[in-house]
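Step one of this worksheet: look at the structure below.
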Amino acid sequence: MVEPQEKSAGDARAERYNPRESEPFWQGVWSERESFASRENDTREPYYVLEMFPYPSGRIHMGHVRNYTMGDVVARFQRAKGKNVLHPMGWDAFGMPAENAAMANRVHPREWTYANIAAMRKQLQSMGFSLDWGREFATCDEDYYHRQQMLFLDFLENGLVTRKTSKVNWDPVDQTVLANEQVIDGRGWRSGALVEQRELTQWFFKISDFAEDLLAGLDTLENWPEKVRLMQRNWIGRSEGLRILFEIVDGGTVEVFTTRPDTLFGASFIALSADHPLAAELSKSDHALKAFVAECRRMGTAAEAIETAEKKGYRTPLTVRHPVIEGATLPVYVANFVLMEYGTGAIFGCPAHDQRDLDFANAYGLPVFPVVLPEGESAETFAVTTEAYTGPGIAFNSGFLDGLAIDDAKEKIASVLEARTIEGAPQATRQVNYRLRDWGISRQRYWGCPIPVIHCEVCGVVPVPKKDLPVRLPEDVEFDTPGNPLDRHPTFRNVDCPQCGAPARRETDTMDTFVDSSWYFARFTAPHADAPTIPSLADKWLPVDQYIGGIEHAILHLLYSRFFTRAMQKCGHLDVAEPFKGLFTQGMVTHETYRDAKGEWVAPADVRIETSEGVRIARHLATGTEIAIGSVEKMSKSKKNVVDPDEMIATYGADTARWFVLSDSPPERDVQWTEAGIEGAWRFVQRVWKLVNDARAVIELPAQPGGGDAVASEMLKVAHRATAHVGSDIAGLRFNRAVAQIHEFANAISRFINEMDPSPAEVRIEALRVAVTRLVQLIAPMMPHLAESCWRILGYESLVCDTPWPEADPSYLVDDTVVLAVQVNGKRRGEIEVAKDAPNADVEAKALSLEAVARILGTNPPRKVIVVPNRIVNVVA
RNA sequence: GCGGGCGUGGUGGAACUGGUAGACACACAAGACUUAAAAUCUUGAGGGGGUAUCCCCGUGCGGGUUCGAGUCCCGCCGCCCGCACCA
């Protein structure tokens, strides 16, 4: 491998560019001049660019480098475009790993966390990001969680918080509760442990109150990836349906929810969830049912089980009257596939038009009545056996619904049943249902934001008065026993009721860490305010113009943040509904994997790649033994295929690493880290340095007076085009294309210099000066340190980062002539150069005069000639 | 199962609303410089055939629309992502 730093010592005009000297130097200059601090009295248009803040694990990884580099390019570009840019950084600092570290190493979570933050801050600073460090905070700062507690109390007051007993997802390893979103395939998202169901009283944010608004808001988020909007739409899961009351033959009613009331005539059974109150009631006197209910609950959580589980049911003694078929009754089952959490916890089964119902019906010998006839089928012969029909069609065998299309049938049955009453209530009610449930935020952990309430036996739940905030995390805690240390901390737990003074118990649960990250973007607009926000400032900056982060947060973090913003709006902390106007989700950084003969993973740093006869062979650096090259995977510690940013910066410098992660791969896709790739980036850094130094030498030559010059104006044309393209590519976050444009531009300047004679004409020197100045400006957002050094070489005394983005002169962007491809029958046979916007007749004549065209046509006249102005000519022979 | 996305040289990838496919880069090869290597510079290259500057094939596969298809439509194949007994 190259050891660049050894070859790059020397003064400012050294042969080689030396990032080890240059990068810390410019970082010092920017910091001293506070180049990137945002000021409130600035009248320029505000622009807020934010990258998802990191968890302080202790070291940055390449994913951070890529994410923050993209954000930094946007920030520097917008600053150059004259915007007042806010680009802050902070730390998502509460959470389990600090407690795990505390248990493993007997170090306090606070110490561990702040030490990690200090280390990572240093690493981030070595990347040269244009961050406003004056706004930095960590979510575990007392100052921050104090305001979060204020928000909690405001939410409580405004009816946005609720406390309820519910079946919760219990992570037996982390010993805490997980939200539904945090359970992935039946396992805890962090621990990977199989999640159990427990009954606990929990605090909830009423996100479901906003379900409709969160759904509608998605339509306004035009600068979000369609994929993310779709994922949120599905997550919210709106469905329109009907609640229908069925009369139980022995008295009473049972209410079901359905989105297919049009299939009511095809109903053949009713199924209740095992958790349905009626099932509980019946199981009191029915041991077999009781056992069945218990069995359902046991397998309720394991997702793999759900997938393969057979439809099982228990026939209760109950029957209900069919609402629209006179004299018919339906049996009532308790079934393992009905969810209590959705709808009413009870369904009617129409086997012909629902696969689950059909499976169930086939297992229990229940009848299958088709009631929707697909087009092209006949009512006499259409039958459903093993596959339910869920497509469009016309109602049949359905009494007064016969002949109606599905939507019309739904409408008709709804209005008929709405008008009837059962036990004084309408037999049916239209209902919009959502999959989205309330957000359970209680966590039985120490290292989180304490929930500021006190439980009093007399007064009930009492909010901690705002004057008593913050509820501080006690310092003296032990982690040697599992569970929550706060729960066994006497002075934290045992307090007097703020209302009546009686001995009371403090809430010992802390908040889900997703709460912390649901409003940090707002706090950055006034990081030192006494209140959670200063509304005028929040409204000035928000929504975030460009938010950048990983797709893994498409649902959780982004949905919670959207809810929080609405909740904060309701409480008067800010006045926008949507937190992030533009969202960009960047791809991962991947690397080849390596394994030795024993199957152990080997880190890239311990591997040497050799190429012999076109075949790549990996060898262990120390032992020389051959190592198997495996698939390309996301960089992860477990597979050891990580490349340490610190080492890259030490070897090649931050600019090279920045340039590499922006090159080649489109930013939303994964990028593969390769040794060859980083060396290519390194070479380009050196190339720019040499080019700028060469250019300066030419510019200093004595100039010969001279007028118009085609070569010089061609250089200017290229320069202006590059300016326009790079600008629009960066604005559209197409960094890989901006990089390609810059390559081409640099190639053109190189050629221009090479062709320069020893005593160049003044116009050429001027063209070179413009071109190379622009080149430096165009690379500045991506390779800011190199750009500053080059800027100085070119003799400018200002900083590039303070220099406005260059304008592209439109007159250089249009050509006087255009080259048109000439096709015959759609195949390219040659090209012609014509004046721009030349009359079609002239273009046609010139195209037909081409030798290749004439040869193919022979003596026959063309049947047709299509001229697309300034684009193409197609001759139809 | 449902929903979404993607398939382009040896590789990463360009190609704006249908209009010169393969920009740019990596890797490769040849040459220059060098005692040599590295670095650097120049040149070459989708595949095949003709050894000039000519022709054929070519964007996962098969059809279609069009003067013209990587791009639009239909049917397959493969890969990736999200959701998943949500009634």
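So you know, we letter chains A, B, ... as the sequences are listed, proteins then strands, and number each from 1.
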Show the distances under 3.5 angstrom between N or O atoms of the protein and N or O atoms of nucleotides 7-14 of chain B.
unit_1: B:rG12; atom_1: O2'; unit_2: A:Ser665; atom_2: OG; d: 3.2
unit_1: B:rG12; atom_1: N2; unit_2: A:Asp664; atom_2: OD1; d: 2.9
unit_1: B:rA14; atom_1: OP1; unit_2: A:Asn736; atom_2: ND2; d: 3.4

Notebook entry, point to check: Is the backbone N or O of A:Thr590 less than 3.5 Å from a side-chain atom of A:Asp670, with the two atoms forming a donor-acceptor pair by type?
Noted result: no

Notebook entry, point to check: Hey, which of these two, A:Asn754 or A:Ile856, hits RNA chain B nearer its 5' end, going by closest nucleotide?
Noted result: A:Asn754

Notebook entry, point to check: Taking atom P of B:rC85 as reference, at what distance in whole Å does atom CZ of A:Arg260 sit?
Noted result: 20 Å

Note to self: Could you tell me how far apart A:Asn747 (CG) and B:rU42 (P) are, to the nearest whole angstrom?
What the structure shows: 9 Å

Note to self: Could you tell me how far apart A:Gln355 (CD) and B:rC2 (C1') are, to the nearest whole angstrom?
What the structure shows: 13 Å

Notebook entry, point to check: Does the distance from a Lys or Arg side-chain N to an Asp or Glu carboxylate O, for A:Glu240 and A:Arg430, drop under 4.0 Å?
Noted result: no

Next item on the list: Please identify each residue that fulfils salt bridge (Lys or Arg N to Asp or Glu O under 4.0 Å) with A:Arg751, with sequence neighbours left out.
Entry: none

Item checked: Atom P, compared across B:rG22 and B:rU59: separation rounded to whole Å -> 14 Å

Note to self: Could you tell me how far apart A:Asn693 (CG) and B:rU40 (C1') are, to the nearest whole angstrom?
What the structure shows: 15 Å

Notebook entry, point to check: B:rC28 and B:rC83: how far apart are their C1' atoms, nearest whole angstrom?
Noted result: 45 Å

Donor-acceptor pairs under 3.5 Å, side chain of residues 261-275 of chain A to any protein atom, not counting sequence neighbours: which ones?
unit_1: A:Asp262; atom_1: OD1; unit_2: A:Arg260; atom_2: NE; d: 3.0
unit_1: A:Asp262; atom_1: OD2; unit_2: A:Arg260; atom_2: NE; d: 3.4
unit_1: A:Asp262; atom_1: OD2; unit_2: A:Arg260; atom_2: NH2; d: 3.1
unit_1: A:Thr263; atom_1: OG1; unit_2: A:Arg260; atom_2: O; d: 2.8
unit_1: A:Ser268; atom_1: OG; unit_2: A:Pro367; atom_2: O; d: 3.0
unit_1: A:Ser273; atom_1: OG; unit_2: A:Asp275; atom_2: N; d: 3.0
unit_1: A:Ser273; atom_1: OG; unit_2: A:Val338; atom_2: O; d: 3.3
unit_1: A:Ser273; atom_1: OG; unit_2: A:Met340; atom_2: N; d: 3.4
unit_1: A:Asp275; atom_1: OD1; unit_2: A:Arg297; atom_2: NE; d: 2.6
unit_1: A:Asp275; atom_1: OD1; unit_2: A:Arg297; atom_2: NH2; d: 3.0
unit_1: A:Asp275; atom_1: OD2; unit_2: A:Lys167; atom_2: NZ; d: 2.9

Next item on the list: Just call it for A:Val868: base, sugar-phosphate, or nothing, with non-hydrogen atoms closer than 4.0 Å on any strand.
Entry: base

Next item on the list: May I have the distance from A:His743 (atom NE2) to B:rC26 (atom C1'), rounded to whole angstrom?
Entry: 10 Å

Notebook entry, point to check: Can you list every pair that meets salt bridge (Lys or Arg N to Asp or Glu O under 4.0 Å) and has a residue in residues 819-834 of chain A, with sequence neighbours left out?
Noted result: A:Arg828-A:Glu831

Check: side-chain contact (heavy atoms from CB on, under 4.5 Å) with A:Thr390: which residues, sequence neighbours excluded?
Finding: none

Note to self: Regarding A:Val875, tell me which of base, sugar-phosphate or nothing describes its non-hydrogen contacts under 4.0 Å with the strands shown.
What the structure shows: nothing

Next item on the list: Remember a base hit wins even if backbone is also touched, and classify A:Arg863 as base, sugar-phosphate or nothing at under 4.0 Å, heavy atoms.
Entry: nothing

Check: Please give, in whole Å, the distance from B:rC83 P to A:Arg435 CZ?
Finding: 8 Å

Check: Reckon A:Leu230 touches a base, only the sugar-phosphate, or nothing at all at heavy-atom distances under 4.0 Å?
Finding: sugar-phosphate

Next item on the list: Please figure out whether A:Arg734 or A:Arg687 has its closest RNA chain B nucleotide nearer the 5' end.
Entry: A:Arg734

Check: Looking for any heavy atom pair under 4.0 Å, which part of the strands does A:Glu744 touch: base, sugar-phosphate only, or nothing?
Finding: sugar-phosphate

Margin query: Distance check, P atoms only: B:rA37 and B:rA25, in whole angstrom units.
Written below: 25 Å

Note to self: If the glycosidic angle sits within 90 degrees of zero it is syn, else anti. Tell me which applies to B:rG50.
What the structure shows: anti

Margin query: Does the structure show a Watson-Crick or G-U wobble partner for B:rG3, both distances under 3.5 Å? Name it, or say none.
Written below: B:rC81

Margin query: For A:Glu226, is there an ion pair with A:Arg233 - N to carboxylate O distance below 4.0 angstrom?
Written below: yes

Check: Hey, does A:Arg855 reach any base, or is it just sugar-phosphate, or nothing, if we go heavy atoms under 4.0 Å?
Finding: sugar-phosphate

Margin query: Just to verify, what does A:Thr585 make a side-chain contact (heavy atoms from CB on, under 4.5 Å) with, not counting sequence neighbours?
Written below: A:Pro225, A:Val228, A:Ile551, A:Leu583

Notebook entry, point to check: Applying a 3.5 Å limit to both distances, which nucleotide forms a Watson-Crick or G-U wobble pair with B:rC24?
Noted result: B:rG12

Check: With rounding to whole Å, what would you report as the distance between B:rG7 and B:rG70 at their P atoms?
Finding: 14 Å

Check: Does a sphere of radius 6.0 Å around NZ in A:Lys717 hold more than 12 heavy atoms from other residues, nucleotides or ligands, not counting ones at 6.0 Å or beyond?
Finding: yes

Check: Does A:His557 have any ring-ring contact (aromatic ring centres under 6.0 Å, His included) partners at least two apart in sequence or in another chain, and if so, which?
Finding: A:Tyr547, A:His553

Close N/O contacts between protein and nucleotides 78-82 of chain B (under 3.5 Å):
unit_1: B:rC81; atom_1: O2'; unit_2: A:Lys227; atom_2: NZ; d: 3.2

Note to self: For A:Phe660, give me all partners under ring-ring contact (aromatic ring centres under 6.0 Å, His included), at least two apart in sequence or on another chain.
What the structure shows: A:Trp673

Check: If you look at every strand shown and take non-hydrogen atoms under 4.0 Å, does A:Arg238 touch a base, only sugar-phosphate, or nothing?
Finding: nothing

Item checked: Any N/O donor-acceptor pair, A:Arg871 side-chain to B:rC16 base, under 3.5 Å -> yes

Item checked: Separation of atom OH in A:Tyr434 from atom P in B:rA87, rounded to whole Å -> 13 Å

Next item on the list: Can you sort out the partners of A:Ala740 under side-chain contact (heavy atoms from CB on, under 4.5 Å), two or more places apart, ordered by chain and number?
Entry: none

Next item on the list: Determine the Euclidean distance between corresponding P atoms of B:rA38 and B:rC33; express it in Å to zero decimal places.
Entry: 15 Å

Next item on the list: Sequence neighbours left out, what pairs pass salt bridge (Lys or Arg N to Asp or Glu O under 4.0 Å) with at least one residue falling in residues 863-877 of chain A?
Entry: none

Check: Which part of the nucleic acid, if any, lies within reach of A:Asp357 when heavy atoms closer than 4.0 Å are counted: base, sugar-phosphate only, or nothing?
Finding: nothing

Check: Less than 6.0 Å separating the ring centroids of A:Phe360 and A:Phe337?
Finding: yes

Notebook entry, point to check: Given atom CG of A:Leu264 and atom P of B:rA87, what is their separation to the nearest angstrom?
Noted result: 17 Å

Checklist line | Nucleic acid contacts - residues 818-828 of chain A versus RNA chain B, non-hydrogen atoms under 4.0 Å | finding: A:Val819, A:Ala821, A:Gln823, A:Gly826, A:Lys827, A:Arg828

